[in-house]
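The structure under discussion appears below in the form of structure tokens.
Computation of the quantities below employed the complete heavy-atom set of this structure, encompassing side-chain atoms and omitting hydrogens, waters and symmetry-equivalent molecules. Nothing here was measured: the structure is a model prediction, and the numbers come from that model.
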Amino acid sequence: MTDEKRCLTLRVVVPDPTQRGANVEVRALVDGRDILADAFTEGPGEDPQYLLVPGGPLAAASEPHEVRLAEASCTEGCCGSLYVTIQRDGDYVLWDKWRNPDEDEVDLPAFRFEAQEYQREVERATADRSWEWPARTVARLLEQDLRERTDWLARWECELGAVSAWPWEPDQVNVFLFHPGRSAIRRDHPWLQFRMILAVSSDEPADQAERLAEQLVAADPRQAAEVCGGSPEFARQLGYPWPQRRRA
């Protein structure tokens, strides 16, 4: 690593809606150069829902921590991912110790950023929601609301998985639940994943998120959802029908 000071820019890229399955991603540019394009082309950058949150993984502290910036489209275990270690060092932030589990080496140098400039850029990118479309905003606000209601799923033996909105389905939000919870997966007990599809209108996103949250917590969410994960045997054991797959 040299003493040269670098400039970081965090850019959110939203794929064309015709690209079904493509992810919204964060691209890290160092001095205007896309480092993912240079060092990792097996898949997209991480979703801003993971990277660009207050106090999120890009925040630098004196204790070094590793952050995943990108993952292969087929999964990390198949074709790798890109990790960097981030650490605050006095007046600077260091990005180094690049790692890809699928490669012996990563062809990137250590980068050194002025700490105040770095923090301003992370805060700017975190606060900037201009890239969101209405359903994505509803999904973000709805998930925040639901996660604050810590006991609403307990009585239904469910756990919130995620609330998602995808560019190729611009008018809907998907709510994913686990029954009885993720711990059942770790213990190798029967489990199912449920999906609810919620329509999004042209109303104010905050109003919609609040209204949808009230609707969801008012009743057993499994009654309005469909099984989308687990296994036919787990469904039988837990008393739910396994969905019939449509033939192509």
When rounded to the nearest 0.5 angstrom, what is the spacing between [atom1] in [X] and [atom2] in [Y]?
X      : Y      : atom1 : atom2 : result
Leu52  : Thr126 : CG    : OG1   : 5.0 Å
Gln193 : Ile185 : CD    : CD1   : 8.0 Å
Arg222 : Asp220 : CZ    : CG    : 4.0 Å
Phe111 : Lys5   : CZ    : NZ    : 15.5 Å
Leu58  : Leu8   : CG    : CG    : 8.0 Å
Glu103 : Phe40  : CD    : CZ    : 9.0 Å

I'd like to know if the side chain of [X] and the backbone of [Y] have a donor-acceptor N/O pair within less than 3.5 Å.
X      : Y      : value
Arg27  : Asp34  : no
His179 : Phe194 : no
Glu46  : Val26  : no
Trp131 : Val14  : no
Gln208 : Ser201 : yes
Gln172 : Ala199 : no

Side-chain contact test, heavy atoms from C-beta onward, threshold under 4.5 Å: evaluate it for [X] versus [Y] and give yes or no.
X      : Y      : answer
Thr137 : Arg129 : no
Val93  : Ile86  : yes
Leu198 : Val163 : no
Met196 : Leu177 : yes
Leu82  : Ile35  : no
Leu51  : Pro57  : yes
Trp242 : Leu192 : yes
Leu94  : Tyr118 : no

Under a 4.0 Å threshold between the charged nitrogen and the carboxylate oxygen, would [Y] count as salt-bridged to [X]?
X      : Y      : value
Asp47  : Arg136 : yes
Arg33  : Asp31  : no
Arg124 : Asp128 : yes
Arg149 : Glu214 : yes
Arg182 : Glu159 : yes

Indicate if [X] and [Y] have the same hydrophobic cluster label, given that clusters are the connected sets of ILVMFWY residues with side-chain heavy-atom separations under 4.5 angstrom.
X      : Y      : result
Val173 : Leu141 : no
Tyr50  : Val122 : yes
Val12  : Val53  : no
Val175 : Tyr240 : yes
Phe176 : Leu142 : no

Please indicate whether [X] has more than 12 foreign heavy atoms, meaning atoms of other residues, nucleotides or ligands, lying under 6.0 Å from its [atom1].
X      : atom1 : value
Glu210 : CD    : no
Gln116 : CD    : no
Asp107 : CG    : no
Glu117 : CD    : yes

Legend entry - Pair Trp133-Val24, side chain to side chain contact (heavy atoms under 4.5 Å, CB included): steps then yes or no: CA-CA 11 Å; Trp133 60 101; Val24 179; 3.8 Å; yes
Side-chain polar contacts of residues 70-77 - donor-acceptor pairs under 3.5 angstrom, sequence neighbours left out - could you list them?
from: Glu71; atom 1: OE1; to: Arg68; atom 2: NH2; distance (Å): 3.2
from: Glu71; atom 1: OE2; to: Glu76; atom 2: N; distance (Å): 2.9
from: Glu76; atom 1: OE1; to: Arg68; atom 2: NH1; distance (Å): 3.0
from: Glu76; atom 1: OE1; to: Ser81; atom 2: OG; distance (Å): 3.1
from: Glu76; atom 1: OE1; to: Tyr83; atom 2: OH; distance (Å): 2.7
from: Glu76; atom 1: OE2; to: Tyr83; atom 2: OH; distance (Å): 3.4

Minimum-distance pair of heavy atoms, taken over all atoms of [X] and [Y]:
X      : Y      : result
Ala110 : Asp96  : CB-CB, 3.6 Å
Leu10  : Glu121 : N-OE2, 2.8 Å
Cys78  : Asp102 : O-OD1, 3.9 Å
Ala59  : His65  : O-CE1, 2.9 Å

Inset, instruction - Could you verify whether a donor N or O on one side chain and an acceptor N or O on the other, from Gln237 and Glu233, lie under 3.5 Å apart? - result: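 A donor-acceptor contact under 3.5 Å links the two side chains.
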Inset, instruction - Take the angle between the ring planes of Phe178 and Trp191 and call it parallel below 30°, perpendicular above 60°, tilted in between. - result: tilted
Legend entry - Residues which pass ring-ring contact (aromatic ring centres under 6.0 Å, His included) with Trp166, listed by chain and number, not counting sequence neighbours: Trp168
